[in-house]
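Remarks on the structure that follows.
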Number of protein chains: 2
Amino acid sequence: MSLTEAKQNPDTRERILDAAEALFVEHGFEATTMRLITGRAGVNLAAINYHFGSKEALIQDVFRRRLTWLNEARLSALERFEKEARGAPLKPHQIVEAFFGVSLRMAADTEHGGHTFMRLLGRTYTEPSAFVRQFLADEYAAVVPRFKQALFRALPDVPPEEILWRFHFMLGAMSYAIAGTDALQLVAEHELDEKDPEALSRRLMPFLLGGLRAPLAGQAVKAKEKTPRKAA
Amino acid sequence: MSLTEAKQNPDTRERILDAAEALFVEHGFEATTMRLITGRAGVNLAAINYHFGSKEALIQDVFRRRLTWLNEARLSALERFEKEARGAPLKPHQIVEAFFGVSLRMAADTEHGGHTFMRLLGRTYTEPSAFVRQFLADEYAAVVPRFKQALFRALPDVPPEEILWRFHFMLGAMSYAIAGTDALQLVAEHELDEKDPEALSRRLMPFLLGGLRAPLAGQAVKAKEKTPRKAA
DNA sequence: GTCTATATCATGATAGAC
DNA sequence: GTCTATCATGATATAGAC
């Protein structure tokens, strides 16, 4: 420890971020008080205002810490597929993989907090607080248009508006899937095998693809004789 | 007006319920103060405690007012299909219609508050507050097992555990679909034609069915040698 | 950088006049 | 049943000693 920097406890910031992240998932933003956060982090009450300025700024930093990376990973996954495709439209399963697969992999990381964060993120999509919503919109501004374009090209027969809705539906399904234990107990009284995070991906991805490529409302017949959609 | 009941303003209760419902959707439970509620309802601050006893009791009454009816409607729709089927397993689309179709029809009712309530309900599935979660679990206790059984019978080739997950995914997709304007703005910068509520049903139901009946993970092309699969 | 102590404010709830 | 006035509590945020 040098004399100039009196950083006695260099990870105070991180401890606060970790504690806040976990508590926000558990109790929501409003119900999570600064006393709760600093208590769990084992730091002083005043530390939040010193390190972040305000509770609101802390919330934003909790997101920024991981969301920036996540969206970059989503984009680079998409770009990797696009490079492979050499200008041809991507397959739907590739786009879904780039966006949701990357998310699920982050959610599978229980060691470094990725799981907790993804639960928080899913919960926050429906968070009505104005400044959080605005913040999310900014963070997604670079990512969403790219995926929209890719989906439009991949599914030229589906009206763009329909694709946007289905993208939205997929977001909802994933968020609930990750929120997991909380909401799932409504439908399953006993614990499901949430232990294996890889399993969630194997369960969710087929569901998403099935929904994304489902026949449109008007054109579905009794799809018995019809050949089932080929799964890529 | 009789002399015995001094109900000067018989709809004060309802006015409070309406205001609370709308504000809970907009700001969440914690952030919605009793002053906000009584202010919007145009009643006195003390009225909530007089009529409901506490804020917590008010929250429960907001749900009870509509959720009881909703779940009865879901059940009777299911029973109508089961009567028609005469002991044969239902079609998946019938089960989805009974549960989600009924919900969407309620969400389509913008006149009498059904829309607002369904948004609140969707938002609340991920609500972490303990007493709300317990309350929801109780309200769903009579409904969920019936739908689970119907799905198990309708999809004998799909492992029950998988069906529960897909039920869960469907709940998530629907909740987001109804939450609508809030979360959707992430993916669609402009307003979609949310005006027509019937349109949502035409969009969501195919998606749900497509996901519910999607081929299982190992089953499609990437054949794991592990499980013998039957033709789709 | 960290702590104690505190300022300031908003909350849920209640007592009591009308 | 409705209102005003108020209590006790707990919130965010800050000042100032160390």
Side-chain angles (χ1 to χ4, degrees), chain A residues 1-63 127-132 135, chain B residues 1-63 127-132 135:
Chain A
M1 283 284 170
S2 82
L3 285 162
T4 48
E5 51 180 31
K7 276 199 165 188
Q8 236 176 353
N9 203 349
D11 54 350
T12 293
R13 246 188 90 97
E14 292 291 314
R15 309 246 319 267
I16 292 175
L17 287 171
D18 288 341
E21 191 174 63
L23 286 166
F24 287 153
V25 176
E26 212 168 329
H27 304 114
F29 297 120
E30 293 279 340
T32 299
T33 68
M34 295 168 69
R35 283 169 176 81
L36 271 175
I37 297 170
T38 51
R40 176 188 277 225
V43 303
N44 188 271
L45 171 61
I48 286 183
N49 278 291
Y50 177 78
H51 284 282
F52 301 92
S54 71
K55 184 184 179 184
E56 211 169 89
L58 168 63
I59 294 177
Q60 297 196 0
D61 274 5
V62 165
F63 281 99
E127 172 69 32
S129 157
F131 89 95
V132 176
F135 175 76
Chain B
M1 283 278 172
S2 82
L3 286 164
T4 48
E5 50 182 33
K7 276 199 165 190
Q8 237 178 350
N9 202 348
D11 55 350
T12 293
R13 248 188 89 96
E14 292 291 314
R15 309 244 319 267
I16 292 175
L17 287 171
D18 288 340
E21 192 174 62
L23 286 166
F24 287 154
V25 175
E26 212 168 329
H27 304 114
F29 297 121
E30 293 278 340
T32 300
T33 68
M34 296 169 70
R35 284 168 177 81
L36 270 177
I37 298 170
T38 51
R40 176 187 278 225
V43 302
N44 187 272
L45 170 61
I48 285 183
N49 278 291
Y50 178 80
H51 284 280
F52 300 92
S54 71
K55 184 185 178 183
E56 210 168 90
L58 168 63
I59 294 176
Q60 296 196 0
D61 274 5
V62 165
F63 282 98
E127 172 69 33
S129 157
F131 91 95
V132 175
F135 176 77

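Here is the naming used below: chain letters follow the sequence lines, and residue numbers restart at 1 for every chain. Scope of the values below: all heavy atoms of this structure, side chains included, with no hydrogens, waters or symmetry mates.
- Taking 4.0 angstrom as the limit, B/Asn44 places a side-chain polar atom (N or O) nearer than this to OP1 or OP2 of D/dT4.
- As a whole-Å value, the separation of A/Phe29 CZ from D/dA11 P is 17 Å.
- When distances run from any side-chain atom of A/Ala46 to the nucleotides C/dA13, C/dA15, D/dT14, the shortest one goes to D/dT14.
- Taking side-chain N and O atoms only, A/Thr12 has a distance below 4.0 Å to OP1 or OP2 of C/dT2.
- A donor-acceptor contact under 3.5 Å is formed by the side chain of B/Arg35 with the base of C/dG12.
- Between B/Arg13 and B/Asp61, at least one side-chain N (NZ, or NE/NH1/NH2) sits under 4.0 Å from a carboxylate O, which counts as a salt bridge.
- Rounded to whole angstrom, the span from the NZ atom of B/Lys55 across to the C1' atom of C/dT11 amounts to 9 Å.
- Heavy atoms of B/Thr38 sit nowhere under 4.0 angstrom from any nucleic acid atom.
- Both A/Leu45 and A/Tyr50 lie near DNA chain C, and the one whose nearest nucleotide falls closer to the 5' end is A/Tyr50.
- Between A/Phe52 atom CZ and D/dT12 atom P the separation is 15 Å, expressed in whole Å.
- The listed nucleotides are D/dT12, D/dT2, C/dT4; the one nearest the side chain of A/Met34 is D/dT12.
- Across the protein-nucleic acid pair, A/Ile59 atom CD1 and D/dA11 atom P stand 15 Å apart, rounded to whole Å.
- One can place CD of A/Glu30 at 14 Å from C1' of D/dG10, the figure rounded to the nearest angstrom.
- Salt-bridge check for A/Lys55 with A/Glu30: failed, with every basic side-chain N at 4.0 Å or more from each acidic carboxylate O.
- Not one side-chain nitrogen or oxygen of B/Thr33 sits closer than 4.0 Å to the OP1 or OP2 atom of C/dA10.
- Looking at every heavy atom in both residues, B/Ile37 comes nearest to B/Ala19 through O-CB, 3.8 Å.
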